[in-house]
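For this chain, numbers begin at 1 and follow the sequence in order. The figures here come from the full heavy-atom set of this structure, side chains too, leaving out hydrogens, waters and symmetry mates. No experiment lies behind these values; they were computed from the predicted model shown.
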Amino acid sequence: MNRSHTGPPRRGARLLAGVLAAGAVVVGASTGAVAAGPGGAGTGSAEACAGSGPLPRSCARPGDLIDVTLGELHPTQAVLGFDQVFYKLGRYGSARDEAAGGFNKRFDDWCETNGQGEAASVGPGARLDDPSSFTCTVPLGQETAKSIAPMKTAVIGPGGKLYLTDGHHTLTSFLEGPDGSTRLPVRLRVTDNFSSLSTAAFWQRMTAEKKVWLRDENDKPLGVDQLPDRLGITNFRDDPYRSLVYFTRDIGYEVPDGATEFLEFSWGSWLRGEHDTAAYDLTAPGPYLDLVKRASTSMAALDADAVVDDGKTAAQLGRIAEWNGGKKETGGEFAKLSKPLTDAKPGKLAESLDYKSRVLPAPACTTTITGPRTGPLTVTDGVTCADRAALRGPVTVRAGAALVLTGSTLEGPLQSDRAAAIHVCGSSLSGPLAISGTAGPVRLGGPGCTANSVTGAVVLTGNTGGVQLAANTVTGPVVCSANLPAPDNTGRSNEVHGPRTGQCAGV
């Protein structure tokens, strides 16, 4: 059985012990407790929060545990360490844990995230989106300060919106995993209720209390309007330093009890001035491990009172007393990280790079569209990228051109004939989609590409560069023929409300 959380309790364990002793309310789906206690900026009206039964989110108090779905959550950071997510996805999609007589890691991770310890039993065909198909070691209603401490956290914002402040990597991994979807349920711990604030005042307070990370993948400032509006790896930017910090955990630093939010990003900001990730091949284990060793050595060598980022010292950020716990590189956490994929217990880095090798890279953009655009769009040459765009009107891709549609909406048909490549990730399309004769990859979901929602027919014909059609929701028929090779759902079935025919009959 996996043991995904060990060591001292993380954020807020001392506070939660007091909250539990006082009889904290554990709330269910779309519910909350009565008026906010200390730490809340305001809640719903007394009338709205009185009585029993489902209550508005705005009634939740700090310390409450609330049931949510992944699709309800709003990120408070714009970047992820993709390689950390790739490790989790590689592990979630592997049968190694079961072969060793345990449970797949995703069930342990879900139970821990839910405040319920780890997996106790996992039935045949169990799925995260069906919690009745597995059990956790801590039953609902019997949570303790220890089991609640590693839960992910959220702030209640204006209108009762849920803003995730911890757990972006884990919950993105759940969403992109074998049984992930926006409907997947989890529980979060509420840290603050700012629902009575205006939108402007909300973001001012979130910023002042350092509950939002407003830096991009190059550590440059961002505005709150540049934050993603939902989870999904496509909606984030990749920060290689954030991944690097993840792999140095327990080698160069340890997560301290009571750690602040975004601790790993603070370490990443410091490492930018010490090591250049661009000088290393981050697709190969050897160079990557060399970078991890150099970076973690630099972290461990810091004086305890050295300022790392934003006034925080190395000691406050968990600088380890001795590199790799005082062990040689042939032992300790570094040795575990270094184990190859062929090992009975491969290291996190090997599993991450194995999954990473399955991610199809999108072509470099020659034209980029963002924001709203109305009218027909015809792509005649080069690579047109629509990123967080709102397109109204038909889109046509001509021979030899390429289209990359990410985190966008399209109201109108999408038609492509003999294009160089088509990538559609994390987007919503209202209108038929017809793609034929593509020489390069056609990617509609799949590794590194968040699933899409399509209202209208999907017709894929005669594409020869490979077709990934994975985990999408399609309202309409799906028709596939003469594609070489046949379309691949990469182990994640599509939800189709309509007939599936031809090569897509079983996809």
Side-chain angles (χ1 to χ4, degrees), residues 2 4-5 24-33 53-60 63-75 85 88-89 92-93 103-143 147-157 160-191 228-233 235 426 450-451 453 471-473 492-493 495:
N2 311 123
S4 53
H5 179 69
V25 178
V26 179
V27 298
S30 300
T31 68
L55 300 175
R57 297 281 192 207
S58 57
C59 297
D64 281 351
L65 311 184
I66 58 174
D67 291 316
V68 305
T69 60
L70 298 184
E72 295 179 83
L73 302 178
H74 298 270
V85 176
K88 288 180 176 290
L89 292 175
Y92 293 174
F103 306 130
N104 188 278
K105 178 176 170 58
R106 70 187 191 275
F107 296 103
D108 277 341
D109 286 355
W110 188 93
C111 289
E112 179 184 80
T113 297
N114 229 44
Q116 295 184 256
E118 52 196 23
S121 65
V122 178
R127 296 173 55 91
L128 291 188
D129 56 5
D130 180 11
S132 68
S133 63
F134 60 95
T135 64
C136 304
T137 54
V138 178
L140 285 174
Q142 298 182 29
E143 298 83 0
S147 74
I148 288 175
M151 290 183 69
K152 310 311 178 186
T153 56
V155 170
I156 310 294
K161 286 186 177 180
L162 295 170
Y163 289 87
L164 185 67
T165 53
D166 180 41
H168 293 79
H169 288 78
T170 295
L171 300 192
T172 294
S173 300
F174 289 166
L175 179 67
E176 305 287 353
D179 34 25
S181 77
T182 56
R183 300 188 302 275
L184 196 150
V186 294
R187 280 197 308 174
L188 300 178
R189 177 170 61 85
V190 175
T191 61
D229 61 359
R230 58 192 182 276
L231 294 178
I233 197 166
N235 301 314
T450 302
S453 172
N472 303 288
T473 299
R492 300 185 66 201
S493 298
E495 181 180 330

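Panel note: side chain Asp108, backbone Ala119; a donor-acceptor pair is recorded below 3.5 Å. Between the side chain of Thr153 and the backbone N or O of Arg189 there is no donor-acceptor pair closer than 3.5 Å. Side-chain N or O atoms of Trp110 include none that pairs as donor or acceptor with a backbone N or O of Cys136 at under 3.5 Å.
Closest approach of Ser147 and Gly115 over heavy atoms only: OG-O, 3.0 Å. Of all heavy-atom pairs between Ala120 and Thr137, the closest is CB-N, 3.8 Å.
Partners of Ser121 under the side-chain hydrogen bond (donor to acceptor under 3.5 Å, both in side chains) rule, at least two apart in sequence or in another chain, are Thr135. Residues satisfying the side-chain hydrogen bond (donor to acceptor under 3.5 Å, both in side chains) test with Ser173, not counting sequence neighbours, are none. With sequence neighbours excluded, the residues forming a side-chain contact (heavy atoms from CB on, under 4.5 Å) with Ala154 are Leu188, listed by chain and number. For Thr113, the side-chain contact (heavy atoms from CB on, under 4.5 Å) partners two or more places apart in sequence, or in a different chain, are Lys152, Thr170, Leu171, Phe174. A search for side-chain hydrogen bond (donor to acceptor under 3.5 Å, both in side chains) contacts involving Asn114 returns Gln116, not counting sequence neighbours. Remark: Glu495 pairs with Arg183, His497 by the side-chain hydrogen bond (donor to acceptor under 3.5 Å, both in side chains) rule, at least two apart or across chains. Under the rule for a salt bridge (Lys or Arg N to Asp or Glu O under 4.0 Å), Asp229 has no partner lying at least two apart in sequence or in another chain. Under the salt bridge (Lys or Arg N to Asp or Glu O under 4.0 Å) criterion, Arg127 pairs with Asp129, sequence neighbours left out. Scored by the ring pair (Phe, Tyr, Trp, His ring centres under 6.0 Å) test, Tyr92 finds no partners at all (sequence neighbours excluded). Under the side-chain contact (heavy atoms from CB on, under 4.5 Å) criterion, Ser493 pairs with Asn489, not counting sequence neighbours. Partners of Leu175 according to the side-chain contact (heavy atoms from CB on, under 4.5 Å) rule, which considers only residues two or more places apart in sequence or in another chain, are Leu70, Thr182, Leu231.
Between Glu72 and Arg57 there is a salt bridge, since a side-chain N of the basic residue sits under 4.0 Å from a carboxylate O of the acidic one.
Taking OH of Tyr163 as the start and CG of Leu73 as the end, the distance is 11.5 Å to the nearest 0.5 Å. Note: Asp109 CG to Glu118 CD = 10.5 Å, rounded to the nearest 0.5 Å. Taken from CZ in Phe134 to CZ in Phe103, the straight-line distance is 11.5 Å, to the nearest 0.5 Å. A distance of 6.0 Å separates CD of Glu176 from CZ of Arg492, quoted to the nearest 0.5 Å. To the nearest 0.5 Å, atoms CZ (Arg230) and OG1 (Thr172) are separated by 12.0 Å. Considering CD of Glu143 and CG of Leu65, their distance stands at 6.0 Å, rounded to 0.5 Å.
Checked options Leu184, Leu162, Leu164; the residue passing with Val68 is Leu162 (criterion: side-chain contact (heavy atoms from CB on, under 4.5 Å)).
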Might you work through the side-chain contact (heavy atoms from CB on, under 4.5 Å) test for Asn104 and Val122, ending with a clear yes or no?
-> CA-CA 9 Å; Asn104 188 278; Val122 178; over 6 Å; no

